[in-house]
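Letters go in sequence order (proteins before strands), and every chain restarts at 1. What's counted below: heavy atoms across the whole structure, side chains too, no hydrogens, waters or symmetry copies.
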Amino acid sequence: MDSERFSIVRGPVDPRRFESVAGAGEGALVTFSGIVRGTAHDGRAVVGLSYEAYETMARIEFEAIDAQARERFGDVRLWIAHAVGDLAVGDVAVVVTAAARHRAAAFEACRFAIDRLKARAPIWKKERYADGAAQWRANETDE
Amino acid sequence: MDSERFSIVRGPVDPRRFESVAGAGEGALVTFSGIVRGTAHDGRAVVGLSYEAYETMARIEFEAIDAQARERFGDVRLWIAHAVGDLAVGDVAVVVTAAARHRAAAFEACRFAIDRLKARAPIWKKERYADGAAQWRANETDE
Amino acid sequence: MQIRLLAFASLREILEAPERSLSLSEGATVGDAQKLLEEQFPALVPHRSSMRIACNGRLVDSDGMLRDGDEIALFPPVGGG
Amino acid sequence: MQIRLLAFASLREILEAPERSLSLSEGATVGDAQKLLEEQFPALVPHRSSMRIACNGRLVDSDGMLRDGDEIALFPPVGGG
């Protein structure tokens, strides 16, 4: 299994990617999976998404998120994988896993990481609609 | 794949158990996995845990947690599987998955569910130590 | 009347069985059952303050009335997760 | 001096290529590069307020100095996750 901690992968992310990463002292694993939905925020039918990334900078941003999470939540480890390329509805676009001794830190670090990733990581998505149109979509603040 | 939503299983829980449960409108999946640690709270070396449950009542409690999560966090679905029997260090004792349209509800429902489960579900654990001794251990309030 | 008694974890070990049958007089309460058990198994007494009792799958108080065929369960503090 | 220019998403489509080379005079700033690009690609102008620019992988202000061989990247608002 590929256990590289921070990566950009072509096509959907395997949701099992980080299923066995916990070390002996880590009793809590929290995983967020972001899945392509069939409807856009404005209600239009989506057939898929296309992601593109500034890959070298995205990996640097993931490493920065990991360092910030340790500062805030203590002894916690993060794994992040984000897809680029074309995804269909139901595909996994991003997986973030946090491992810690206890669950509070694992939950907080996982939530922090996906919030930061959505606000800051140099990754862009184009929604492809059922009617053949397509449009670049930025994240809303609360998305 | 067994997608029964609330279950007590014999032996370790498969961490993939709920990997594909998200429905078409659910863009966020948050999974907590609780893993058997090699050291007890007091620092003693643990070789494994033995769990026992009042199974019918545990399933009723899991269903109650699901209903309470919907009251609190809206349109969210939960899946819970907890092990009984003997587990080794590194085995998965419990998996809780929450699916929702957006990530805030999924994170909150998953955290709520594992907190409630640890405080209320009729499940007990015996720690087995490296020196051959064994002891029933209740959860601490903050555990 | 006959009551089905379940016990778990440390309390199961004290009762030396996961399941027993208990004979009580009509009108007996949860507290009466607890008292009878403490007479038979004095090792239960130190657990009195931490023990919870469920009747037919719901936690009950010691003044809850029992009926023939009820299933009561003795709970030590839980440790799941 | 020569600058390597990357552009992503909607800005890549405006520039009609993911990567270009840009010739600037010595002492040019990030703002100078942006101005030159807006002259060549007027469709960039409406993106001015939302665009961010990174130099060698770090976000920079428009008064940042450029050096020969730098890699600058044009960022529309992000949409990952």
Please work out whether the ring planes of D:Phe8 and A:Trp124 are parallel, tilted or perpendicular, with thresholds of 30° and 60°.
parallel
Does any backbone or side-chain atom of A:Tyr54 lie under 4.5 Å from a heavy atom of chain D? Answer side chain, backbone, both or neither.
both
Residue A:Ala83 versus chain D: region with a heavy atom under 4.5 Å
neither
So what's closer than 4.5 Å to chain D heavy atoms on A:Ala58: side chain, backbone, both or neither?
neither
Report the distance from atom CZ of A:Arg120 to atom CG of D:Leu59, rounding to the nearest 0.5 Å.
7.0 Å
CD-NZ distance between D:Glu13 and A:Lys126, expressed to the nearest 0.5 angstrom
3.5 Å
For D:Gly79 and A:Tyr51, the nearest pair of non-hydrogen atoms, with its separation, is O-CE2, 3.8 Å
Crowded around A:Asp75 CG? As in, over 12 foreign heavy atoms under 6.0 Å?
no
CZ of D:Arg12 to CH2 of A:Trp136, rounded to nearest 0.5 Å, is 5.0 Å
OG (D:Ser10) and CZ (A:Arg137) are apart, to the nearest 0.5 Å, by 12.5 Å
What one should report as the nearest heavy-atom pair of A:Met57 and D:Ala54 is SD-CB, 3.9 Å
Against chain A, label D:Pro18 side chain, backbone, both or neither, depending on which of its atoms sit under 4.5 Å from a heavy atom there.
neither
Any chance CZ of D:Arg67 has more than 12 other-residue heavy atoms, nucleotides or ligands included, within less than 6.0 Å?
no
